[in-house]
Amino acid sequence: MSRPKKCRKVCCMPVVNMFAPSPYDDGGNREVIVMTVDEYETIRLIDREGLSQSECSKYMNVARTTVQQVYNNARKKIADALVLGLPLEINGGDYTICDRKDLPCSFCGCNSIFFK
């Protein structure tokens with residue numbers, strides 16, 4: 001029996017959850033790459049906020065190796081969307097939204113424009 005997945009803590013839902021090449025006409029035939037919310041959060045924390053994988057793992061309440069795997073999956077999906085010219089949707093995953101009890105939070109964007 002496999003171990004149950006642990007919910008990953010994320011700051012907030014993305015403001016925009018769909019990206020597509022322009023001009024884009026799918027004609028109903030093109031694949032959509034789906035990035036989970038927790039994958040999005042690793043990209044935000046590591047690439048946008050500059051956290052290390054270790055710091056990211058502490059914020060998300062998972063092991064560093066889990067963050068590394070989630071981050072690698074997210075980067076592969078971004079690369080596929082860019083190189084293949086496919087739309088990217090952010091949706092789903094195993095996550096819980098930050099309850100913002102620890103304001104100001106030293107890791108997440110709880111003090112960001114999303115909550116002002």
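Just so you know, residue 1 is the first one in the sequence shown, and it goes up from there. These numbers come from a predicted model, not from an experiment.
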Item to check | Nearest heavy atoms of A81 and L88, plus distance in Å | outcome: CB-CB, 4.1 Å
Next on the checklist: Nearest 0.5 Å, please: how far is CG in L51 from CE in M60?
Outcome noted: 11.0 Å
Checklist entry - Looking only at heavy atoms, what is the nearest atom pair of S57 and V67, with distance? => result CA-CG2, 3.4 Å
Next on the checklist: Grouping I, L, V, M, F, W and Y whenever their side-chain heavy atoms are under 4.5 Å apart, do Y95 and V70 come out in a common cluster?
Outcome noted: no
Item to check | Candidate pair E41 and R8, rule salt bridge (charged side-chain N to carboxylate O under 4.0 Å, His left out), full reasoning | outcome: CA-CA 9 Å; E41 185 72 347; R8 291 102 192 232; over 6 Å; no
Item to check | Set of side chain to side chain donor-acceptor pair (under 3.5 Å) partners for D80, sequence neighbours left out | outcome: K76
Checklist entry - Which atoms form the tightest heavy-atom contact between A74 and M35, and what is the distance? => result O-CE, 3.5 Å
Next on the checklist: Less than 4.5 Å apart, side chain to side chain, heavy atoms only: is that true for E89 and I33?
Outcome noted: no
Checklist entry - What is the minimum heavy-atom distance between P14 and Y40, and which atoms define it? => result CB-CZ, 3.6 Å
Item to check | Pair E55 + K58, salt bridge at N-O below 4.0 Å | outcome: no
Checklist entry - Do the charged groups of E39 and K77 touch, with an N to O distance under 4.0 Å? => result yes
Next on the checklist: Can a donor-acceptor pair be found, under 3.5 Å and without considering hydrogens, that links the side chain of Y59 to the backbone of C11?
Outcome noted: yes
Next on the checklist: I'd like to check the side chain to side chain donor-acceptor pair (under 3.5 Å) partners of T66; sequence neighbours left out, ordered by chain and number.
Outcome noted: none
Item to check | Candidate list N61, I97, D38, test side chain to side chain contact (heavy atoms under 4.5 Å, CB included), partner K9, passing option | outcome: N61
Checklist entry - Do I90 and V37 come within less than 4.5 Å of each other through their side chains, counting heavy atoms only? => result yes
Checklist entry - Among all residues two or more places apart in sequence or in another chain, which pass the salt bridge (Lys or Arg N to Asp or Glu O under 4.0 Å) test with D47? => result none
Checklist entry - Is there a donor-acceptor contact under 3.5 Å linking the side chains of Y71 and R75? => result yes
Checklist entry - What distance separates F19 CZ from L86 CG, expressed to the nearest 0.5 Å? => result 15.0 Å
Item to check | CA sep, side-chain torsions, deciding dist, call: I43, R48, side chain to side chain contact (heavy atoms under 4.5 Å, CB included) | outcome: CA-CA 7 Å; I43 293 293; R48 174 81 169 100; over 6 Å; no
Checklist entry - Between G85 and P21, which heavy-atom pair has the shortest distance, and what is it? => result O-CG, 3.1 Å
